[in-house]
Amino acid sequence: GTLIFMAVMKRRDVGRGLIWSAGAVGSAAAILISLFLVRQLPLEIVIRGNTDSVYSRLPVTLLLDGTAWAYQTALLAILSAVLLTATQRQATGGPAAWMASIGMAILGLVAIQAGTLSTLLSAWFLIDTLELIYLLASLKPQHDLGKLVTSFVLRYAGILVALISIGTEP
């Protein structure tokens with residue numbers, strides 16, 4: 001929710017302070033929720049779509065156990081530290097970089113909590129996609145666009161091969 005709010009505020013040309021405050025409050029709230037969830041461990045969330053589709057063999061499962069909880073809390077603490085110190089670093093890129101950090105953290109949380117290999121690979125695909133979008137948006141003219149795109153095509157091909165092998169497994 002914080003990421004969407006920050007994106008809307010950025011589009012409306014609201015000041016950097018409000019956007020930064022939204023990110024800081026959102027990351028603090030996420031840590032508090034994480035601390036509350038420790039009493040509910042272990043948690044498992046299974047998202048199943050149409051059972052007749054090919055993708056039913058690739059369920060999306062999030063698993064939060066003691067180990068994943070520790071990594072999740074550490075990732076949220078790092079995100080909070082990045083956001084709380086962002087205003088002191090002039091090279092942070094402002095709200096776009098802050099939103100990219102939050103997006104990466106969200107997808108990192110999904111990867112940490114992945115209960116199945118297909119969930120982990122899907123999160124990995126989305127992390128690569130977000131990284132590609134951010135790099136393309138901040139690409140300077142002297143950089144080689146072809147090398148960047150080629151590296152991501154190869155990453156996507158590897159993820160696709162892994163997903164196909166999981167989906168065709170007997």
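Given the structure is predicted, the values throughout are model-derived calculations rather than measurements.
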Output yes when a side-chain donor or acceptor of Ser34 lies under 3.5 Å from a complementary backbone atom of Ala30, and no otherwise.
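Absent.
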Do the side chain of Thr73 and the main chain of Ala70 share a donor and acceptor less than 3.5 angstrom apart?
no
For Ala68, give me all partners under side-chain contact (heavy atoms from CB on, under 4.5 Å), at least two apart in sequence or on another chain.
Leu64, Asp65, Ile112
Would you kindly confirm whether [X] and [Y] end up in one hydrophobic cluster when ILVMFWY residues are joined by side chain heavy atoms under 4.5 Å apart?
X      : Y      : value
Leu154 : Val149 : no
Trp124 : Leu63  : no
Ile133 : Ile102 : no
Leu32  : Trp69  : no

If you take all heavy atoms of [X] and [Y], which pair is closest and at what distance?
X      : Y      : result
Gly108 : Ile127 : N-CD1, 4.1 Å
Leu79  : Ala105 : CD2-CB, 3.7 Å
Leu121 : Ile159 : O-CG2, 3.7 Å

With rounding to the nearest 0.5 Å, note down the distance linking [atom1] in [X] to [atom2] in [Y].
X      : Y      : atom1 : atom2 : result
Gln72  : Ile33  : CD    : CD1   : 9.5 Å
Met104 : Leu130 : CE    : CG    : 4.5 Å
Leu75  : Ile106 : CG    : CD1   : 10.0 Å

Residues at least two apart in sequence or cross-chain that pass ring pair (Phe, Tyr, Trp, His ring centres under 6.0 Å) with Tyr71, listed by chain then number, are none
Is [Y] close to [X] at the side-chain level, that is, under 4.5 Å between some pair of heavy atoms?
X      : Y      : answer
Tyr156 : Leu132 : yes
Leu120 : Phe125 : no
Ser80  : Ile31  : yes
Glu131 : Phe152 : yes

